[in-house]
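As structure tokens, the structure follows; a few thoughts come after it.
Given the structure is predicted, the values throughout are model-derived calculations rather than measurements. Protein chains get the first letters and strands the later ones, always in sequence-line order, with residue 1 at the start of each.
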Amino acid sequence: NAGVTQTPKFRILKIGQSMTLQCAQDMNHNYMYWYRQDPGMGLKLIYYSVGAGITDKGEVPNGYNVSRSTTEDFPLRLELAAPSQTSVYFCASSYYEGAVETQYFGPGTRLLVL
Amino acid sequence: AQSVAQPEDQVNVAEGNPLTVKCTYSVSGNPYLFWYVQYPNRGLQFLLKYITGDNLVKGSYGFEAEFNKSQTSFHLKKPSALVSDSALYFCAVRESPAGNNRKLIWGLGTSLAVNP
């Protein structure tokens, strides 16, 4: 299994541009997540999905959109990039062992908005 | 409200010495507790978790963690540190299903530096 994959690894955007961060997993996990990681701020949940066709907002959803048309893919869309969106973005998927969930992370996408 | 605290931004330890990375939590119900490690320029990797049962949980790479309900702590430990253990460590908590809140709450991370 490749696990959780993310593309691109690094991107520079100009203010107002748009882009899509790709995330895919091959573990047949139902749950998927997008986080952003800022220095000294830990992880903040942007959006999550409990299955294909179902998404919900996390702590910091403003400025982002997601879709989940398949179990495998969970892209994150930035419509109008702002400097405040400069961050490292991590996608994760999870499985349940009984009632307990364990998350597995992709390698991250580093985004710089200038 | 649920919360996680990692009181130390950075921990320094000499190679071969025992290490402890601290984590305390607050939940209204029973906790599910997790430790993840992040190596430079990499994603987070799962280390171990506490669900129920034995308070001492063993995980990957020789790490273990001790759940202490009275102190609401879940400190990460290793008997003998390696230079390769140098990384950023995150503690996370979630209430048990009775709390009906599925989201993980993450600590801010502790940077561990193991000196040769």
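- Neither the backbone nor the side chain of A:Q6 comes within less than 4.5 Å of any heavy atom in chain B.
- Residues of residues 85-93 of chain A that come closer than 4.5 Å to chain B, counting heavy atoms only, are A:F90, ordered by residue number.
- Interatomic distance, CD of A:E59 versus CD1 of B:I105, reported as 6.0 Å (0.5 Å rounding).
- Under a hydrophobic-cluster definition in which Ile, Leu, Val, Met, Phe, Trp and Tyr are linked whenever side-chain heavy atoms come within less than 4.5 Å, directly or via other members, A:W34 and A:V60 are assigned to the same cluster.
- Under the 4.5 Å side-chain heavy-atom criterion for Ile, Leu, Val, Met, Phe, Trp and Tyr, A:L78 and A:L112 are members of distinct hydrophobic clusters.
- The aromatic ring centres of A:Y33 and B:W106 sit 6.0 Å or more apart.
- At a threshold of 4.5 Å between side-chain heavy atoms, the hydrophobic network of Ile, Leu, Val, Met, Phe, Trp and Tyr places A:L111 and A:Y35 in two separate groups.
- Cluster partners of A:L80: none. The rule joins Ile, Leu, Val, Met, Phe, Trp and Tyr whenever side-chain heavy atoms lie under 4.5 Å apart, and it links nothing here.
- Residues of residues 78-90 of chain B placed with any heavy atom under 4.5 Å of a heavy atom in chain A are listed by number as B:L88, B:F90.
- Using non-hydrogen atoms only and a strict 4.5 Å limit, no part of residues 53-67 of chain B faces chain A.
- One distance of note links CG of B:L104 with OH of A:Y48; it measures 12.0 Å at 0.5 Å rounding.
- Within the 4.5 Å cutoff, the side chain of B:Y36 has heavy atoms near those of the A:T102 side chain.
- In this structure, A:Q103 and B:L44 have side chains that are not in contact, with every pair of non-hydrogen atoms separated by 4.5 Å or more.
- In this structure, A:F105 has its ring center at least 6.0 angstrom away from the ring center of B:F46.
- By the rule that hydrophobic residues join a cluster once side-chain heavy atoms approach within less than 4.5 Å of another member, B:V93 and B:L108 end up as members of separate clusters.
- Under a cut-off of 6.0 angstrom, the local environment of CZ in A:R77 is crowded, with over 12 non-hydrogen atoms contributed by other residues, nucleotides or ligands.
- With a 4.5 Å cut-off on non-hydrogen atoms, B:Q45 does not touch chain A at all.
- Hydrophobic cluster membership is shared by B:V4 and B:L112, with clusters built from Ile, Leu, Val, Met, Phe, Trp and Tyr side chains linked at under 4.5 angstrom.
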